[in-house]
Amino acid sequence: MSIYEFFSLLGGVGLFLVGMSIMSSGLKNACGDNLQTILEHATKNKLVAVMAGLGMTVLVQSSSATDVMVIGFVNSGLMNLSQAIGVIMGANIGTTITAQITAFNLSSYTPLLLFIGAVMWLFIKKTLLKHVGSIIMGFGMLFAGITMIKAAIAPLSQSAAFIQFISTLSNPALAVLFGIGFTALLQSSSSSIVIFQAFAVQGLLNYDGAVYLAIGAAIGSVTPNLLASLTANRNGKRTAVLNLLFNLIRATLLIVLINLFPLRQMICSLSPGDIGRQIANTHTIFSIIAVLVELPFAGFIVKLSEKIIPVLPEEGEMLKDRTLVYMTQLTHIPPSVAVKQTQLEIVRMGRIAVKNLQRALDCFFDYDPAIVESVHTHEETVNVLNHSIASAMLQLRTLDLDPHQMRRVSMMTIAVTDIERLSDHAENIAEYIEELTNKKVAISDIAVKELTQMAKDTMAAVNLGLEIFATEDYSKLDEIERLEQIVDGHEKDLIHNHVERFMNSQCNPLGGVIFSDLVTDLERCSDHAINLAYALKERPGEVIK
């Protein structure tokens with residue numbers, strides 16, 4: 001192979017990868033936020049989860065993109081491991097579609113695809129059509145890259161050194177290892193399978209060698225997910241381990257099957273004489289077989305991932321916190337009881353949020369990295385509960401609620417938002433102390449003293465607001481109004497004092513900004529407390545129809 005042919009090969013691979021990326025981005029942009037919504041809600045059972053993963057991956061043409069999204073959902077608590085494994089299995093089937101597409105010889109249509117796609121992308125103003133143009137353009141680049149790869153590797157059939165190298169891939173173990181390494185390097189099983197197809201079509205690789213390369217490629221495709229999980233929590237890491245376990249079991253299963261049964265011969269008989277299609281069919285059929293065999297044992301794979309990354313006691317507590325306790329059977333109980341259960345669930349969420357706010361304030365005045373991490377974790381818990389409660393409250397709309405109950409449900413919806421915002425402020429406070437610590441900036445002692453008193457009064461208001469919401473004891477409204485006025489007074493005084501210190505060069509600029517932001521956060525927390533206190537109180541003269 002000459003240097004020109006070598007560069008042509010690299011260029012073809014690069015063009016193929018860019019085409020895949022552009023096509024994937026175009027598909028995701030054309031579909032908008034619907035993909036995440038579908039994936040988030042289509043996981044009620046394992047089979048639906050598999051279909052969701054398959055459909056998602058067919059649309060975005062990237063199992064890695066789907067798997068990384070799943071890691072994000074699991075990381076944030078919106079999806080559990082049992083749901084995640086179904087989506088991962090479906091994604092492994094969906095990713096085989098690329099090889100099926102590239103098995104068609106569309107090289108003669110490539111220039112037309114590139115032209116149409118470029119015109120739509122460059123000159124059409126309508127957003128959706130621009131995205132469709134980028135899909136077509138990416139599709140054309142994908143085939144242009146394949147054409148370049150095929151042309152570049154054609155001379156290799158005359159290279160004794162390359163032929164000797166390829167002959168080593170007749171060893172199944174070496175072929176699997178090469179497939180793993182090559183796919184890990186490209187970070188795309190679709191790309192590596194397409195390149196193996198090109199080698200086979202040019203006569204450089206036989207079908208049996210390609211089979212083991214495809215098995216290795218499936219394992220190597222897990223690399224992007226393992227990298228993505230490095231910054232995830234322990235449950236996010238387990239999701240990546242799930243994917244790895246699925247593909248390792250799949251590889252073992254398929255190696256056993258193809259050596260005990262005439263599976264390869266059966267696949268070849270589907271498209272005799274077309275090795276490119278045979279490899280594509282092998283990739284797809286192997287994935288389907290693996291899912292059919294492993295899906296009934298998904299629970300075992302989940303447990304195995306939890307053995308590899310053990311569930312810590314605090315994770316069990318977190319899982320318990322993120323699971324609905326009272327809103328589990330809303331459609332099977334009387335409407336009045338269902339509304340009361342909803343109130344209890346919201347109060348439970350409120351206590352977690354209020355405790356998190358106190359935790360963040362304690363950490364602000366006495367920094368502890370572990371507590372900061374705990375604040376972020378509990379903020380995720382509140383977000384999960386917010387999402388779960390909102391979804392469960394939709395069931396209340398299907399019940400035969402009277403006008404009074406309908407009003408309470410509507411006001412509870414607003415109360416959930418107030419509670420979620422309290423936890424948001426807790427996270428803000430944790431971020432303030434992180435920034436001060438990282439930049440080695442301190443707030444003056446007098447400023448700390450002022451903030452300490454304001455924080456104490458704010459927490460008194462927040463606790464009282466949640467108590468009134470829970471008990472509906474409105475005799476305490478005067479007290480929370482008094483506390484809210486005190487906090488408002490603190491805000492005015494503290495900002496005035498801060499400006500004076502700043503004008504006299506008595507405070508650090510960054511410390512001053514964070515001081516002001518924290519004062520604002522505390523004042524808003526007292527506003528949310530007032531909202532909670534009055535949430536369920538009927539206004540004088542209010543007529544409920």
Side-chain angles (χ1 to χ4, degrees), residues 350-379 382 418-468 476-533:
R351 288 180 178 137
I352 294 172
V354 171
K355 187 175 180 180
N356 203 35
L357 180 61
Q358 184 65 67
R359 183 183 294 113
L361 287 169
D362 291 343
C363 185
F364 185 87
F365 297 116
D366 186 12
Y367 177 67
D368 184 337
I371 296 179
V372 169
E373 183 61 31
S374 178
V375 170
H376 293 310
T377 300
H378 283 85
E379 156 62 6
V382 173
D418 280 300
I419 291 171
E420 194 275 333
R421 289 297 298 139
L422 285 174
S423 192
D424 286 343
H425 289 302
E427 187 170 46
N428 291 347
I429 294 166
E431 289 171 355
Y432 297 155
I433 188 59
E434 283 183 304
E435 188 171 4
L436 288 173
T437 303
N438 292 337
K439 296 186 178 178
K440 296 181 171 55
V441 174
I443 293 178
S444 64
D445 291 341
I446 187 170
V448 169
K449 184 177 180 180
E450 291 173 339
L451 287 171
T452 301
Q453 186 57 51
M454 185 177 183
K456 180 180 178 182
D457 292 331
T458 299
M459 286 308 305
V462 169
N463 280 297
L464 185 56
L466 183 62
E467 180 187 341
I468 294 172
K476 299 178 180 179
L477 287 177
D478 288 342
E479 174 63 14
I480 197 170
E481 289 280 5
R482 186 184 70 81
L483 286 170
E484 203 269 341
Q485 290 174 6
I486 290 173
V487 173
D488 284 348
H490 281 313
E491 181 191 29
K492 294 176 183 177
D493 293 342
L494 267 61
I495 293 298
H496 176 268
N497 294 344
H498 161 65
V499 170
E500 283 194 348
R501 287 193 294 269
F502 183 77
M503 295 299 293
N504 294 323
S505 301
Q506 294 177 344
C507 70
N508 178 280
L510 175 61
V513 169
I514 289 178
F515 175 89
S516 299
D517 287 343
L518 179 54
V519 167
T520 301
D521 277 293
L522 292 173
E523 191 277 330
R524 288 177 180 170
C525 285
S526 72
D527 289 342
H528 293 301
I530 284 285
N531 293 343
L532 281 173

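A donor-acceptor pair is defined here as one N or O able to donate and one able to accept, closer than 3.5 Å; such a pair exists between the side chain of His378 and the backbone of Ser374. Of the possible polar contacts, one joining the Thr437 side chain to the Ile433 backbone as a donor-acceptor pair under 3.5 Å is found. A donor-acceptor pair is defined here as one N or O able to donate and one able to accept, closer than 3.5 Å; such a pair exists between the side chain of Asn356 and the backbone of Val375.
Contact of the Asn428 side chain with the Asp517 side chain is not registered, since no non-hydrogen atoms from C-beta on lie closer than 4.5 Å. Contact of the Leu451 side chain with the Phe364 side chain is registered, since non-hydrogen atoms from C-beta on lie closer than 4.5 Å. Within the 4.5 Å cutoff, the side chain of Glu484 has heavy atoms near those of the Glu523 side chain. Using a 4.5 Å heavy-atom threshold, the side chains of Leu494 and His498 count as separate. Looking at Ile371 and Asp362, their side chains never come closer than 4.5 Å, going by heavy atoms from C-beta outward. In this structure, the side chains of Ile429 and Leu357 come closer than 4.5 Å at one or more pairs of heavy atoms.
Distance check, rounded to the nearest 0.5 Å: CG of Asp521 to OG of Ser516 gives 11.0 Å. The distance from the CG atom of Asp493 to the CG atom of Asp488 is 11.0 Å, given to the nearest 0.5 Å.
Applying the side chain to side chain donor-acceptor pair (under 3.5 Å) test to Glu379 and every residue at least two apart in sequence or in another chain returns Asn383, Ser423. Applying the salt bridge (Lys or Arg N to Asp or Glu O under 4.0 Å) rule to Lys476 yields the partners Glu467; only residues at least two apart in sequence or on another chain are considered.
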Distance-only donor-acceptor hits, side chain of residues 457-464, under 3.5 Å, sequence neighbours excluded:
from	atom 1	to	atom 2	distance (Å)
Asp457	OD1	Gln453	NE2	3.3
Asp457	OD2	Gln453	NE2	3.3
Asp457	OD2	His490	NE2	2.6
Thr458	OG1	Met454	O	2.8
Asn463	ND2	Met459	O	2.9

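Heavy atoms of other residues, nucleotides or ligands lying less than 6.0 angstrom from CG of Asn438 number more than 12.
Residue Val372 comes nearest to Cys363 through the heavy atom pair CG2-SG, 3.3 Å, listed as atom of the first residue, atom of the second, then distance. Contact record, Ala447 with Ile443: CB-CG2, 3.3 Å, taken as the closest heavy-atom pair.
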- Test log, rule side-chain contact (heavy atoms from CB on, under 4.5 Å), inputs Leu522 and Glu491: CA-CA 8 Å; Leu522 292 173; Glu491 181 191 29; over 6 Å; no

Please test Thr452 against Lys456 for side-chain contact (heavy atoms from CB on, under 4.5 Å), starting from the C-alpha separation and ending with a verdict.
CA-CA 6 Å; Thr452 301; Lys456 180 180 178 182; 5.7 Å; no

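Applying the salt bridge (Lys or Arg N to Asp or Glu O under 4.0 Å) test to pairs two or more places apart or on separate chains, those with a residue in residues 423-448 are Arg421-Asp424, Glu435-Lys439. Legend: ring pair (Phe, Tyr, Trp, His ring centres under 6.0 Å) pairs involving residues 440-468, not counting sequence neighbours: none detected. Listed by first and then second residue, the ring pair (Phe, Tyr, Trp, His ring centres under 6.0 Å) pairs that reach into residues 419-458 are His425-His528, sequence neighbours excluded.
When each of Leu422, Ile480, Asp527 is tested with Leu532 by the rule side-chain contact (heavy atoms from CB on, under 4.5 Å), just one qualifies, namely Leu422.
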